[in-house]
Each structure stands twice: as C-alpha cells, then as structure tokens.
Amino acid sequence: MSWDPGPDSLDFELNPYGHSLVFSSRYYQLLGKRKDLPIYACKEQFMTAIEKSQVVLVEGKVGSGKTTQVPQWCVEFVHGHRYQSGIVGCAEPADLVTCAVAQRVTDEMDLVFGEEVGYCTALEDFSTQETILRFVNDSVLLREIAVDPLLERYGVIILDEVQRRTVATDLTMALLGDILSQRSDMRVVVVTTSIQAGNFQSYIGACEVVKVPGAGDSTTEIQHTQDVVHDGKCVEEAVKRVTDIHANDGDNGDILVFLADEKEVQEACRRLRDVDDLPAPLQIIPVFPSLSHNQLHGLYDVPDEEQEPTGQGLEEHPGNEDTPEEVVENDGNETEDSAHDGDEEDDDTISGERPRKVIVATDIADSCLVVDTVGFVVDSGRVRQEVFNARVRATQDLVSLISRLSADQRADLASLRPGKPGKCFRLYPEDFTEDLAAFPNPEIHRVNLTPWILLLKRLGVEDLLKFDFPDPPATEFLSGAMNQLKHLDAVDETGCLTDLGAIMSEFPVDPQLARTIIASCEYGCCEDILTIAALLTVPPVFLRPPEAAQAADDVRRRKFARAGSDHLALINVYHAFRQNYQDELWCSSNYLNFDALRMTDDIRQYFGAILERLELGPCEDSEPKTEEERVKNIKRALAEGYFMQVAHDLDGTGNYFIVKETQVVQLHPTTCLDSNPGWVLYHEFVLSERNYITTLTEIEPQWLFDIAPKYFDPTNLPQGEARRRFHSILVKSELAVPGKPAREWAGPGVAQPAAPRNFHSQAGRGPVQHGQMRERKEEDDDDSKLCVVS
DNA sequence: GTTCCCTGA
C-alpha cells in the first residue's frame with residue numbers, strides 16, 4: 001500500500017491517505033462547507049457506534065450530508081485498524097449516482113479519482129488495488145458476492161439509499177446478515193432517509209442507530225392544486241408553473257421540476273426552451289437515469305479554470321469544483337470525468353450573474369442528487385415504473401403516484417439554501433396526500449424475479465421460502481420464477497441449481513438469453529447469437545422521433561428488415577454499422593441509436609469471453625453450410641431459450657395466442673415481419689393500450705417439441721386451440737406412438753425432457769474466479785478462434 | 001398502427 005498510516009483525524013494537516021502529504025487549500029475550502037452539514041455534528045456518535053457495533057443504521061434527511069460524509073468516516077475507521085479487515089465499499093442504487101458521489105468524495109478527501117477513491121459500475125471499473133474507498137453500483141456488489149462469498153476485500157460495507165428498496169439492495173442486505181455472522185471483524189452501515197421505509201431496525205436487530213437532526217432553519221411552504229391534473233396535462237401545467245415562478249418570485253432560487261419519465265422531461269425541456277417572453281434567460285437542465293454522468297451539464301456550477309481566487313495546489317483536481325453556495329450530498333459534481341479523458345466542459349460559469357436554472361428530473365433526483373441552490377420545487381407527484389404482471393408474465397410500464405416519503409423529500413429539496421425558505425408546488429390536491437402510500441413499494445414486489453432467483457441459487461440459497469428477505473415477495477412471484485428456471489433446466493425438480501444453471505448464472509443477462517447463448521455453441525452460430533444478445537442488451541437501437549416516424553419506419557423496413565425475423569434485422573443493423581465505420585452521422589440519418597450501437601462491441605466481446613472462459617465454443621461440425629441453414633440454426637438457438645415465449649396465429653387476422661397463458665396478443669407494429677406467420681417467438685410481452693409482443697422471429701412449432709417436450713406436451717396445455725394444434729403436429733411427427741391415446745403421450749419414455757446436453761464444459765470448472773470479471777481486456781485480443789461472420 | 005429500460009458488462 002502506498003499510503004502511510006497517519007493520524008486518525010482528517011483535521012490534521014497531513015493527508016493520511018494520499019501520496020502528497022500536505023492538504024491543498026481546496027481541501028480546507030471544502031472542509032469548511034462539510035462542517036456546516038447537519039450530519040457533521042454526528043461524527044463522534046458515529047465513530048463510537050462503528051467501533052462498538054457490527055451494524056450501524058444512519059437516518060438523515062435529504063441534504064444532510066450522509067452520502068458524502070459517512071464513507072469518509074468509514075475510511076477513517078478502517079485506516080485506524082490498518083486495513084486489517086479490508087477496505088470500504090459503498091453501494092449506490094444507480095450508475096449516475098455511483099460515479100458522481102465518488103468524484104465528489106475524492107475531491108473532499110483531496111485524493112486522486114480512480115486511485116485511492118474509485119468506483120465500479122456495470123460498464124466501468126475505475127478503481128485499483130490501491131483503492132481504499134470503492135463506490136459500486138448495488139447490483140455489481142451483489143454479483144461480487146458470487147466470486148467473493150464473504151466479501152473479504154471489504155472491512156466495511158455501506159448500503160446507501162436503502163429506502164429506495166431496489167432488488168439488489170434488499171438482497172444484499174439479506175445476504176450480509178449471513179456474512180456478518182462469519183466475519184466478526186466486518187462492519188455494515190445502512191444509510192436511509194427513513195428508518196420506517198422498511199422496518200429496517202427490527203429487520204436488522206441489534207444495531208447502533210445514528211439519527212441526524214434536521215437542518216431545521218428553514219422549511220418549505222407547500223401549495224397544492226385545487227383539482228387533479230391529469231397525466232396528459234402534467235407537462236403543460238409544470239411548464240406554466242415554472243414560468244409563473246420565474247416571472248413573479250424574485251428571490252431567484254433555482255427551480256426543480258419532477259415529472260414521471262424521460263419522455264415528459266424531454267418534452268418539458270423542449271417547451272421551456274420555446275417560451276419566448278421570459279423576463280430573464282433560464283438554463284434548462286434535464287436529468288434522468290440513462291444520462292451518462294458526463295451529461296449532467298450544468299447541474300452543479302462548474303467554474304472549471306475559474307476557480308475561487310484561493311487556488312493554489314489545485315492541479316490534482318482539474319475541473320472539479322463547485323461554488324461555495326453549493327453543498328452536494330450525492331452529487332455529481334458536474335463533470336465529466338476530467339480524470340477519465342480530460343474532456344473539457346465549456347459550460348456557462350457563475351462569474352457574475354448566472355442564469356436561473358430549471359432542473360427537470362425524474363425520481364432519480366428525489367434523494368440521490370442534491371442541488372442546494374434550489375428554492376422552488378414543482379412536483380407532479382408521479383413516477384413511471386415497471387410493473388411485472390406475474391399472472392400473464394408480462395411487464396407493464398405504469399405511471400403511478402409517488403410515496404408520501406418521496407413527496408416529502410421532494411419538498412425538502414426546496415429549502416436547502418442556508419437560511420432561506422423554499423416553496424413546493426404540488427400538481428395534485430391536498431387530500432391526495434392521504435391516499436399516497438407511506439413508503440416506496442419495494443422493487444422486489446413488482447419485477448420479474450427469474451434472473452434474481454437464479455443469482456440467489458448461484459449464491460447457495462437453498463430454500464427460498466426460508467430466505468430472509470426484508471420484504472418477502474408474493475409466493476406467486478417466487479414460484480413463477482422457479483418454474484421458469486425449471487423449464488430452462490437451470491434448476492432441477494428439487495429446486496437445486498444444475499450444472500447448466502451454474503453456467504447460465506455466469507452471464508449477466510436474463511436466463512432465457514443465457515440459455516440461447518449457450519445453445520448457440522451447439523448450433524454453430526455463436527457469432528450471430530452473440531451479436532443478437534448484445535443488441536438485445538443495449539438500449540433499443542431503432543429510433544423513432546415523432547417528427548420523422550414514417551421515415552424511420554421506412555428506413556427500418558427497407559434497409560434492415562430480414563424475412564421472418566426481427567432478431568436477424570438486428571444482425572443486419574450491426575453489420576451495416578460496422579461497414580459504415582461506426583459513423584454517428586450515418587446512424588442519425590438511418591434513425592439508429594449511435595450510443596447503443598457503440599456499446600454493442602464491448603458487450604458482445606464480454607459475452608464471448610465468458611464462453612471462452614467456460615470453455616464453451618462453437619462445435620466445428622455444427623457449422624452451417626448454407627445461408628438457409630445458418631438462419632435456421634439462429635432461430636433454433638433462440639427457441640432454445642425462448643420456447644416459453646411463443647405465440648400462434650389464431651385465425652389469420654393478426655390475433656395471436658400465447659401458448660400457455662391463453663392470452664390474445666398482437667404483433668407490435670414496429671416489427672419487420674411483413675406477414676402473419678403461423679408461429680412466432682417473441683422477446684417481450686408488453687401490456688399497454690393493447691397487448692403487444694415485440695421483437696419477433698418466425699419459428700416452426702416442431703422445434704418446440706425437440707427443445708422442451710414436456711413443456712409442450714398437449715396434456716399439459718390448457719384446453720383450446722394451441723392444444724389442438726400441438727396435438728395434430730404431434731400426430732404427424734415421429735414422436736407419436738401409434739395406438740396410444742393422446743393423453744398418455746407424456747408418459748414415461750415417450751416425451752422425456754431432452755437429455756442433458758454436453759456443454760463442452762469441464763466438470764468442476766464452474767464459478768468464476770475472483771478477478772476474472774475484470775480481466776477481459778486482455779482476453780479479448782485473442783478471440784480469433786471465434787469465427788467472423790461475413 | 002406504437003412500450004420503455006432500475007440493473008447485469
């Protein structure tokens with residue numbers, strides 16, 4: 001380790017953690033601000049608590065400084081113990097926040113971003129062996145448990161924003177209980193805006209509790225509308241409210257607007273830019289989760305070169321800063337990873353009068369991103385969330401009302417300016433607040449659990465009913481997930497992980513897709529399936545801007561459509577993108593998402609590296625000889641994973657039946673299919689105005705018997721058309737045993753599950769070894785063994 | 001004749 005053990009107090013003049021031993025003036029400048037944070041008064045209490053207790057629960061309102069200060073205190077703790085138990089890991093619920101907080105904390109500690117303090121998200125690992133404080137995305141931490149079951153590199157784990165109740169945080173909290181019992185030297189710090197949001201105290205049991213007193217010197221005045229504002233009117237109403245505030249409320253605090261989703265945010269920003277009779281210019285800043293952290297332009301004031309005139313010794317922090325009036329809790333300080341690539345931001349600066357900011361955000365800004373120059377909040381009270389319908393196994397994106405906790409947090413954000421009161425305008429009537437749920441609904445209650453359950457199985461959880469979930473999901477969710485995993489042969493009849501399931505769990509994708517990737521080795525179409533898998537994993541590649549919808553449709557169908565398969569169309573897009581030198585302009589003129597396509601290669605190579613590591617690869621003898629055979633093999637490989645997601649044409653009118661669910665669905669209009677094939681496999685079933693299945697490939701029903709004979713045994717199917725059809729297919733196929741009545745076809749010896757396949761994997765070579773996950777860069781260079789597709 | 005993606009890398 002490259003730092004010297006030093007004094008335990010950060011107030012000492014030498015930096016105990018960094019290479020350069022003397023603190024910069026910037027450090028003191030930030031320290032002054034840190035001392036004003038409400039949480040600063042709790043430091044001693046916290047340090048005593050963590051010495052004494054394995055688990056510390058910290059509760060504090062938004063803006064109290066929890067997210068930036070607690071990790072630093074934990075570093076002091078592990079430093080004091082000479083890192084004997086490990087370093088500090090801090091789990092955050094979103095990538096945007098993970099990186100932003102890491103940058104801010106690096107700055108406050110006067111260290112080097114990516115060295116002593118680093119971060120790790122799905123896409124990036126910006127940390128080293130020397131890192132002592134590592135911010136990680138919560139699902140990345142959960143996956144780390146698979147390779148490091150006792151999380152031995154960490155002496156302290158911080159779970160931040162626990163009240164958001166992401167699946168990954170919930171599961172990690174449950175698993176940590178077990179880890180702590182085996183590691184008496186480890187500490188866990190649970191950080192939340194509200195202990196009540198999950199009965200955390202009774203869930204955790206014995207622990208020390210640190211409650212941060214409220215800031216208290218200013219409160220938010222809240223106004224409600226008289227009437228309900230309907231979904232379609234929210235954007236308009238919010239824009240009107242912003243222009244009103246700007247025209248009439250002179251104290252010039254910034255304005256923070258909460259809308260339901262990215263689409264509304266973009267729409268509101270567009271309208272605000274179009275308003276032409278403003279008394280003074282506004283700086284419009286959209287914020288939503290899929291922004292990359294270097295797109296948070298202007299959220300925090302960034303003087304860049306123009307530092308406060310104090311600046312000596314700031315070389316280590318090019319571009320990192322913020323103004324004195326800003327405290328950032330989780331904040332992203334602005335910018336772009338200066339440390340990554342030195343990208344310069346030429347934002348407006350706050351020299352003199354800066355324009356008033358209007359930050360238009362989704363719920364990601366409820367608690368994770370704090371801007372303390374805000375004086376006005378406009379809250380639509382809504383959020384768009386994915387809701388999984390376990391009965392029909394379909395996702396639905398619904399706009400729902402936020403919880404009272406979120407509503408209160410949003411209001412609190414209006415009064416973080418020292419000594420100045422704030423105002424919150426809620427776009428809903430006052431009596432609505434009584435109908436709001438008190439706390440956010442845990443995500444584990446509303447998403448498809450199949451991938452998460454596979455991960456738990458991989459982590460050695462035997463009995464899910466006995467697993468200590470903070471809030472157990474409905475048994476319907478658990479059994480639905482287990483059934484899917486059984487059909488996929490990922491777990492056996494007794495619920496134990498199979499060898500195939502262990503292999504599937506290596507892939508950071510849905511189990512169906514993992515199964516398809518593995519199957520592609522047998523069908524000699526790895527390269528094509530890896531391309532499809534990568535494209536199904538990145539954000540949608542086809543764009544459809546409202547003003548050019550027709551043109552986008554035309555291009556998609558003319559240039560990329562391929563008979564009978566949207567999946568094959570994706571392959572066409574990928575190759576066309578490469579043939580056109582991965583050109584951004586080419587993408588926009590073809591209505592393709594450049595950012596998504598640019599990510600595809602990395603992900604594709606990563607999946608390929610997993611196959612290699614597992615010693616799974618294309619079988620030479622299964623290489624397709626003809627184009628026709630190649631297409632057929634791709635489709636069959638898809639069917640190996642997605643056989644539970646097939647639908648058949650009911651009557652030639654475009655109404656399709658989902659085989660097992662007796663649901664009638666339509667093919668989504670964006671499909672490239674130009675006719676209505678008899679049988680299709682789909683990637684997703686979305687419930688919206690109508691029931692649609694999307695990303696489709698035509699298949700032959702006979703394949704389904706080969707792949708999953710038991711699943712498609714007619715006697716297991718509901719009464720109806722699908723059953724009749726399978727019956728007749730079966731009669732024609734050689735599987736039919738003459739003279740036996742149909743209902744016995746599923747009997748022993750006739751339609752057994754497919755024999756376990758040889759996955760070319762060496763027995764006993766299962767789990768990933770620690771560290772392999774990040775070694776891919778080297779591996780990738782010699783994957784020449786995988787064939788290249790024309 | 002029109003869903004949005006919190007996340008895995």
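Each chain gets a letter, A, B and so on, in the order the sequences are listed, and its residues count up from 1.
- Proximity note for A:Pro540 (side chain, C-beta onward) versus B:dC5, B:dG8, B:dT3: the nearest is B:dC5.
- When distances run from any side-chain atom of A:Ala122 to the nucleotides B:dT3, B:dT7, B:dG1, the shortest one goes to B:dT7.
- Atom CG in A:Leu543 sits about 17 Å away from atom P in B:dT3, given to the nearest Å.
- Listed candidates were B:dT7, B:dT3, B:dG1. Nearest to the side chain of A:Ser139 is B:dT7.
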Could you go through the side-chain hydrogen bond (donor to acceptor under 3.5 Å, both in side chains) check for A:Thr128 and A:Arg134 one step at a time? CA-CA 9 Å; A:Thr128 70; A:Arg134 191 164 186 266; over 6 Å; no
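- The side chain of A:Arg164 contributes no N or O atom lying less than 4.0 Å from OP1 or OP2 of B:dC6.
- Rounded to an integer number of Å, the gap from CG of A:Leu455 to P of B:dG8 is 12 Å.
- Closest non-hydrogen pair, A:Gln163 versus A:Ala197, comes out as CB-CB, 3.6 Å.
- To the nearest angstrom, P of B:dG8 lies 25 Å from CZ of A:Arg515.
- If you find the closest nucleotide of DNA chain B to A:Val447 and to A:Met599, the one lying nearer the 5' end belongs to A:Val447.
- In this structure, the CG atom of A:Asn448 is 14 Å from the C1' atom of B:dC6, given to the nearest Å.
- In this structure, A:Tyr692 reaches the sugar-phosphate backbone alone: every heavy-atom distance under 4.0 Å involves primed, P, OP1 or OP2 atoms, never a base.
- Atom CD in A:Gln512 sits roughly 18 Å away from atom P in B:dG8 (whole-Å rounding).
- Here B:dG1 is the nucleotide among B:dG8, B:dC4, B:dG1 with the atom lying nearest to any side-chain atom of A:Asp553.
- Residue A:Pro669 has its side chain nearest to B:dG1 when only B:dG1, B:dC4, B:dG8 are considered.
- Shown here is A:Asp553, whose CG atom has more than 12 heavy atoms of other residues, nucleotides or ligands within 6.0 Å.
- Closest contact between the side chain of A:Asn137 and the listed nucleotides B:dT7, B:dC4, B:dG1 involves B:dT7.
- In this structure, the CG atom of A:Leu536 is 18 Å from the P atom of B:dT7, given to the nearest Å.
- Heavy-atom distances to DNA chain B give each of A:Gln385 and A:Thr670 a nearest nucleotide, and the one nearer the 5′ end belongs to A:Thr670.
- Comparing atom distances between the A:Glu386 side chain and each of B:dC6, B:dG8, B:dG1 picks out B:dC6 as nearest.
- Per the geometry, CD belonging to A:Glu684 stands 11 Å off P belonging to B:dC5, to the nearest Å.
- By the ring-ring contact (aromatic ring centres under 6.0 Å, His included) test, A:Tyr692 is found to be paired with A:His668, residues two or more places apart in sequence or in another chain being considered.
- Using a 4.0 Å heavy-atom distance criterion, A:Gln396 is classed as making no nucleic acid contact.
- Looking at heavy-atom distances under 4.0 Å, A:Arg598 makes no contact with the nucleic acid at all.
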Just do the side-chain hydrogen bond (donor to acceptor under 3.5 Å, both in side chains) check on A:Thr695 and A:Asp566 with the steps written out, would you? CA-CA 5 Å; A:Thr695 316; A:Asp566 292 324; 5.5 Å; no
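- Taking atom CZ on A:Phe388 and atom C1' on B:dC4, their separation rounds to 16 Å, with Å as the unit.
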Given the rule in the side-chain hydrogen bond (donor to acceptor under 3.5 Å, both in side chains) test, do A:Thr166 and A:Thr169 qualify, once you have shown the distances and angles that lead to the verdict? CA-CA 5 Å; A:Thr166 63; A:Thr169 303; 2.8 Å; yes
